[in-house]
Amino acid sequence: MAPTAAEHHHHTRKAVGLAARDASGHLSPLAITRRSTGDDDVVIKILYCGICHSDLHALKNDWKNSRYPMIPGHEIAGEVTEVGKNVSKFKAGDRVGVGCMVNSCRSCESCDKGFENHCPGMILTYNSVDVDGTVTYGGYSSMVVVHERFVVRFPDAMPLDKGAPLLCAGITVYSPMKYHGLNVPGLHLGVLGLGGLGHVAVKFGKAFGMKVTVISSSPGKKEEALGRLGADAFVVSKDANEMKAAMSTMDGIINTVSANIPLTPLFGLLKPNGKMVMVGLPEKPIEVPPFALVATNKTLAGSIIGGMSDTQEMLDLAAKHGVTADIEVVGAEYVNTALERLAKNDVRYRFVIDIGNTLDKAAATTE
């Protein structure tokens, strides 16, 4: 149900976004309001926003929880324009980002431990109901107002356009690598799938000093995996000989694939006690024969984004090691074409919308 007019009384700041009105997912400009600056809020002029694969799912209502009109985008990079009186971490002019969440209860066990991403009251950056009853609008928009706890600082060495996708894709792979011990120099990491998530996982694996093997069904990606991204090896998952040669060699696998694929052959690549961590979201339930796990003490785990302190830690480490996303910057007027191309995996590896230079113009020409 849409919020009532009464619930909007603190939403007085005018903004513009690219919104879908229905499950066609077609985006067009929409005039919106953002809330007034609260005491703990940071006001951000959005300069760039990455296009995540989950934006596509949400726009098309693939997960059956979409609210329209919807303004997607949770890989937000921009500049602080104003802060509330209690804000101490940020000031006007700071280069900042906002990822997949904009609020949580801030008092449960998960929040207290710094895992806001596990909070039952987590409020997502878009398509979520905020504490005031309004529906959150994401980063395909001119500005946003966010509680300071959910804002991160971009290190000076990190470009905003190439850094924006790290706020979803980066933390999504960094967090499981950290908490499952897949960040130790000399260990062998498998990265399953070479897309928006996978290409960043390769870079973090190398930053941690690991041996990294890309596992992909696309032989055509071998050259860029080994050359451009710096992977040590490449295994074509459909090639029985290559899979056999890689059996029992990996300490862990980060599974970034969103398709339902047979997992048993992949467990065969793991050493005894090896782990597979899923960060992709296949639409159907996955099938795992118990023997594939039990026989040599293997683990299948899952992970979703990460807490705010880990997100800042990830950005700082990425800047130190020169880890950024490989991007194609597009204008706001191109966003529907970009989404069509993303649906066909026709991007290396992340579209980023140049909000700062193109959104106002796109909105003016179609109003």
Side-chain angles (χ1 to χ4, degrees), residues 3-17 19 30-50 67 70-108 110-112 114-117 119-155 160 163-164 167-168 171 305-312 315 355-356 359-360:
T4 65
E7 289 169 323
H8 279 299
H9 67 291
H10 293 304
H11 285 240
T12 55
R13 191 179 254 117
K14 291 184 177 177
V16 65
L30 177 69
I32 59 169
T33 53
R34 297 288 197 185
R35 71 172 180 262
S36 307
T37 313
D39 292 347
D40 302 302
D41 283 341
V42 178
V43 183
I44 301 164
K45 179 186 179 185
I46 299 174
L47 299 175
Y48 296 98
C49 187
R67 300 173 176 92
M70 177 193 295
I71 296 177
H74 58 207
E75 298 179 345
I76 300 169
E79 187 177 284
V80 176
T81 58
E82 186 186 337
V83 297
K85 66 180 184 183
N86 295 341
V87 174
S88 57
K89 290 196 293 185
F90 303 100
K91 64 183 188 307
D94 285 353
R95 303 161 74 249
V96 296
V98 178
C100 300
M101 51 187 170
V102 290
N103 216 335
S104 69
C105 81
R106 307 199 293 276
S107 61
C108 68
S110 290
C111 287
D112 286 346
F115 294 104
E116 298 91 345
N117 53 314
C119 173
M122 175 177 65
I123 292 168
L124 299 173
T125 304
Y126 69 90
N127 195 44
S128 240
V129 178
D130 212 339
V131 289
D132 63 359
T134 60
V135 173
T136 54
Y137 289 139
Y140 298 11
S141 58
S142 53
M143 52 85 64
V144 68
V145 184
V146 182
H147 188 285
E148 74 166 329
R149 179 166 175 166
F150 296 89
V151 179
V152 289
R153 180 183 304 281
F154 275 102
L160 291 181
L167 297 169
C168 172
I171 188 60
I305 54 172
M308 294 314 303
S309 60
D310 283 330
T311 304
Q312 187 66 62
L315 277 184
I355 297 286
L359 180 61
D360 285 347

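Quantities reported herein were computed from a predicted structural model and do not represent experimental measurements.
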Next item on the list: Start with the C-alpha gap between H74 and L124, add the side-chain angles, then the distance that decides, and say whether side-chain contact (heavy atoms from CB on, under 4.5 Å) holds.
Entry: CA-CA 8 Å; H74 58 207; L124 299 173; over 6 Å; no
Checklist line | Audit row: I71, Y140, side-chain contact (heavy atoms from CB on, under 4.5 Å) steps and yes/no | finding: CA-CA 6 Å; I71 296 177; Y140 298 11; 4.0 Å; yes
Item checked: Side-chain donor-acceptor pair present, S104, R149, cut-off under 3.5 Å -> no
Notebook entry, point to check: Within the side chain of S142, is there an N or O that forms a donor-acceptor pair under 3.5 Å with the backbone of V16?
Noted result: yes
Notebook entry, point to check: Quick one: are F154 and L315 in side-chain contact, heavy atoms under 4.5 Å?
Noted result: yes
Item checked: Residue pair R106 / F150, side-chain heavy-atom distance below 4.5 Å -> yes
Next item on the list: Indicate yes or no for a side-chain donor-acceptor contact from T136 to the backbone of D130 under 3.5 Å, with no hydrogens or angles considered.
Entry: no
Item checked: Rounded distance (nearest 0.5 Å) linking atom CE of M70 with atom CG of N127 -> 4.0 Å
Notebook entry, point to check: Roughly how far apart are I123 CD1 and C105 SG, rounded to 0.5 Å?
Noted result: 9.5 Å
Next item on the list: Evaluate the side-chain contact (heavy atoms from CB on, under 4.5 Å) criterion for residues I305 and D310: first the C-alpha distance (whole Å), next the side-chain angles of each, then the deciding distance (0.1 Å), finally the verdict.
Entry: CA-CA 10 Å; I305 54 172; D310 283 330; over 6 Å; no
Notebook entry, point to check: Got a donor-acceptor contact below 3.5 angstrom from the E116 side chain to the M308 backbone?
Noted result: yes
Check: What's the spacing between E75 CD and C100 SG if we round to 0.5 Å?
Finding: 7.0 Å
Check: Which value, rounded to the nearest 0.5 Å, describes the distance between D94 atom CG and I44 atom CD1?
Finding: 10.0 Å
Margin query: Has R153 got a side-chain atom pairing as donor or acceptor with K89's backbone, closer than 3.5 angstrom?
Written below: yes
Checklist line | V80 versus V83, closest heavy-atom pair with distance | finding: CG1-CG1, 3.7 Å
Next item on the list: For D39 and G84, indicate whether the former's side chain and the latter's backbone hold a donor-acceptor pair under 3.5 Å.
Entry: no
Next item on the list: Would you give the length of the straight line joining atom CG of N117 to atom CE of M101, rounded to the nearest 0.5 angstrom?
Entry: 5.0 Å
Note to self: Can you tell me how far apart OG (S141) and CD1 (I76) are? Round to the nearest 0.5 Å.
What the structure shows: 6.5 Å
Next item on the list: May I ask you to check whether R35 and T134 show a side-chain donor-acceptor distance below 3.5 Å?
Entry: no
Margin query: A side-chain contact here means heavy atoms from C-beta on lying under 4.5 Å apart; do R67 and V129 qualify?
Written below: yes
Item checked: Residues E82, M143; criterion side-chain contact (heavy atoms from CB on, under 4.5 Å); working and verdict -> CA-CA 11 Å; E82 186 186 337; M143 52 85 64; over 6 Å; no
Check: Has the side chain of R34 got a donor or acceptor atom that lies under 3.5 Å from a matching backbone atom of Y137?
Finding: yes
